[in-house]
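One structure is given here, and the rest of the page talks about it.
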Amino acid sequence: QVQVVESGGGLAQPGGSLRLSCAASGFTFNVYAMSWVRQAPGKGLEWVSGIYSDGSETYYEDSVKGRFTISRDNAKRTLYLQINNLEPDDTAVYYCAKHSGASVLYRYLEVWGQGTLVTVSS
């Protein structure tokens, strides 16, 4: 069935790097936009980044521009988020999510993963 599964989170120090992965199954991955959303402790969901179905367009929340890079490998049915220069405020559960169409502009996220925890120590 339709499913996305995140991995790659863990404990890191400020200034370090992590690469998150999201493995997709049960749908035609290369025709859907994908996004990363995070939830920091005690906070609500925050959209972080999105990517068009074929990877031709990417979008970022202002606070992560220059540090985060979203990418996808459609042959491997996998979405990635490279996080560089980690900051304590990056501590959150990171979710990947499937859009309802090819464009990130179609904002309804209809399938979510269970999340992977990123913890950045001070």
Nearest atoms (heavy-atom pairs only) where Asn85 meets Ser17: N-OG, 4.2 Å

Minimum side-chain heavy-atom gap Trp36-Cys22 below 4.5 Å: yes

Geometric cation-pi criterion Arg77 and Phe27, 6.0 Å radius, 45° cone: yes

Candidate list Asp90, Ile83, Val64, test side-chain contact (heavy atoms from CB on, under 4.5 Å), partner Val48, passing option: Val64

Results of side chain to side chain contact (heavy atoms under 4.5 Å, CB included) for Ala23 - residues two or more places apart only: none

Six-ring centre of Tyr60, Lys65 cation under 6.0 angstrom, axis tolerance 45°: no

Check: Ala33 main-chain N/O paired with Ser53 side-chain donor or acceptor under 3.5 Å: no

From CA spacing to verdict: side-chain contact (heavy atoms from CB on, under 4.5 Å), Glu110, His99: CA-CA 6 Å; Glu110 61 183 1; His99 287 253; over 6 Å; no

Min side-chain heavy-atom separation Ser35-Ser49 under 4.5 Å: no

Listed partners of Ser63 passing side chain to side chain contact (heavy atoms under 4.5 Å, CB included), at least two apart: Arg38, Glu46, Glu61

Nearest heavy-atom neighbours spanning Arg72 and Ile51: NH1-O, 3.7 Å

Heavy-atom donor-acceptor pair, Thr91 side chain to Val120 backbone, under 3.5 Å: yes

Tyr95-Val118 co-clustered via ILVMFWY side chain contacts under 4.5 Å: no

Whether Gln13 side chain and Ser121 backbone form a donor-acceptor pair below 3.5 Å: no

Note, Leu81 side chain near Arg19 side chain (heavy atom, < 4.5 Å): no

Shared hydrophobic cluster, Tyr108 / Val111 (ILVMFWY, side-chain heavy atoms < 4.5 Å): no

